[in-house]
Amino acid sequence: MTRVLALLFAIMCAASASAQPAQPLPAGLDPQNTLVLDTTQGRIIIKLRSDIAPGHAQRLKQLARDHFYDNVPFHRVIDGFMAQTGDGQYGNGTGGSKYPSLKAEFSSVPYTRGVVGMARTSDPNSANSQFFIMLADNPGLNNKYTVVGEVASGMDVVDKIKKGAEAQNGAVANPDKITHMQVAADAK
């Protein structure tokens, strides 16, 4: 009996030591409109801009709740430009989700470092699941891609994401990944 109790005590101690306490969100963030991305490089917290892109923000939340982004690579990362992810279908930038493409929700918010935009084809109304995080300012994207959010915490993590070769248009061999993505309000 003593051995059983000692074993149970050891298991409980190990479980509590390995459980990470929930980290508080940066001040002023709405948990219903905040995404938490755990990546191979660390944690990134994104404030969704549902005020300017409600359809796109809703899509990212739905896909996070569907676990669509779990273990999805940052398949295209260009130093001094952006880190792209979100292809939960193929992982290489050619796929999307089971949901239909979204109508563009362009705004006057400029593409500056830390802004999160929706990737698309040459059709402005083709965004689906893929998104990118700006590593630097790029006004050439203004009013051409939907701004869906901004990094509230973790730009140091974004900066660590493995970059792709310029000759390969940023395609990354052995890329870093989103290990788990969730809406902050759903975090346990």
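Computed from heavy atoms alone, side chains included, the values below leave out hydrogens, waters and symmetry copies. Sequential numbering from 1 along the given sequence is applied to the chain's residues.
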Checking Thr121 against Asp123 for the side chain to side chain donor-acceptor pair (under 3.5 Å) test, could you report, in this order, the C-alpha distance in whole Å, the side-chain angles of both residues, the deciding distance, and whether it holds? CA-CA 5 Å; Thr121 67; Asp123 177 357; 5.3 Å; no
Just wondering, do Leu48 and Thr34 contact through their side chains at under 4.5 Å, heavy atoms? no
Taking atom CG of Asp30 and atom OG of Ser50, what is their separation to the nearest 0.5 Å? 7.0 Å
Residue pairs passing the ring-ring contact (aromatic ring centres under 6.0 Å, His included) test where at least one lies in residues 52-87, sequence neighbours excluded: His67-His180, Tyr69-Phe131
Short question: side chain of Arg120, backbone of Lys144 - any donor-acceptor pair under 3.5 Å? yes
Look at the side chain of Gln89 and the backbone N and O of Gly96, then say whether any donor-acceptor pair between them is shorter than 3.5 Å. yes
Could you give the distance from CG (Asp38) to CD (Gln182), rounded to the nearest 0.5 Å? 7.0 Å
Heavy-atom pair with the smallest gap, counting every atom of Pro175 and Pro73: CG-CB, 3.5 Å
If you count the non-hydrogen atoms of other residues, nucleotides and ligands that lie under 6.0 Å from OH in Tyr90, is the total more than 12? no
Minimum heavy-atom separation for Ala119 and Gln84, please, with both atom names. CB-NE2, 3.5 Å
Mind telling me whether Phe132 and Tyr111 have parallel, tilted or perpendicular rings, with 30° and 60° as the class edges? parallel
Assess whether atom CG of Asn174 is packed by more than 12 heavy atoms of other residues, nucleotides or ligands within 6.0 Å. no
Distance-only, no hydrogens or angles: does the Thr146 side chain make a donor-acceptor pair with backbone N or O of Val148 under 3.5 Å? no
Heavy-atom distance under 4.5 Å between the side chains of Asn33 and Lys61, does that happen here? yes
Can you name the closest pair of heavy atoms from Val147 and Ser107 and give their distance? CB-OG, 4.2 Å
Any side-chain to backbone donor/acceptor pair from Arg59 onto Asn128? Under 3.5 Å, distance only. yes
Can you confirm whether Glu166 is buried at CD, in the sense that more than 12 heavy atoms of other residues, nucleotides or ligands lie under 6.0 Å from that atom? no
Between Arg113 and Asp137, does a salt bridge (Lys or Arg N to Asp or Glu O under 4.0 Å) hold up when you go through it step by step? CA-CA 5 Å; Arg113 179 173 161 77; Asp137 298 359; over 6 Å; no
Given the rule that I, L, V, M, F, W and Y join up when any side-chain heavy atoms are under 4.5 Å apart, are Met118 and Ile178 in one cluster? yes
May I ask you to decide if Asp176's main-chain N or O and Gln41's side chain share a donor-acceptor pair within less than 3.5 Å? no
Just wondering, do Pro31 and Leu25 contact through their side chains at under 4.5 Å, heavy atoms? yes
Per side-chain contact (heavy atoms from CB on, under 4.5 Å), Leu37 is matched among Ile45, Ile44, Val157 by Ile44
Once you round to the nearest 0.5 Å, how far does CD of Glu105 lie from CZ of Arg49? 12.0 Å
Ser97 to Ser129 - nearest heavy-atom pair and separation: N-OG, 3.9 Å
Would you check if the side chain of Arg43 reaches a backbone N or O of Val36 as a donor-acceptor pair within less than 3.5 Å? no
For residues Val115 and Ile52: do they belong to one hydrophobic cluster (side chain heavy atoms under 4.5 Å, members Ile, Leu, Val, Met, Phe, Trp, Tyr)? yes
hydrophobic_cluster_shared for Met82 and Val72, side chain cutoff 4.5 Å: no
Can you list the steps and then say if Thr40 with Ile161 is a side chain to side chain contact (heavy atoms under 4.5 Å, CB included)? CA-CA 8 Å; Thr40 49; Ile161 294 171; over 6 Å; no
Connected via hydrophobic side-chain network under 4.5 Å: Leu35 and Leu29: no
Could you tell me whether the side chain of Thr179 and the main chain of Asn71 form a donor-acceptor pair under 3.5 Å? no
Is there side-chain contact between Lys163 and Leu135, with at least one heavy-atom pair below 4.5 Å? yes
Whether the side chain of Asp70 engages the backbone of Met181 through a donor-acceptor N/O pair (distance < 3.5 Å, no angle test) should be reported. yes
Using the side chain to side chain contact (heavy atoms under 4.5 Å, CB included) rule, take Val158 and Met134 through it: C-alpha gap first, then chi angles, then the decisive distance, then the call. CA-CA 9 Å; Val158 177; Met134 298 302 297; over 6 Å; no
Value rounded to 0.5 Å, distance of OG in Ser153 from NZ in Lys47: 14.0 Å
Tell me whether Val172 shares a hydrophobic cluster with Ile133, the cluster being built from Ile, Leu, Val, Met, Phe, Trp, Tyr side chains joined at under 4.5 Å. yes
Show, in sequence, the C-alpha distance, side-chain angles and deciding distance for Tyr145 and Asn138, and conclude whether the side chain to side chain donor-acceptor pair (under 3.5 Å) test is met. CA-CA 12 Å; Tyr145 289 82; Asn138 190 322; over 6 Å; no
Does Asp87 use its side chain to pair, donor to acceptor, with the backbone of Gly95 at less than 3.5 Å? yes
Ignoring hydrogens and angles, tell me if any N or O in the side chain of Lys162 forms a donor-acceptor pair with the backbone of Lys160 under 3.5 Å. no
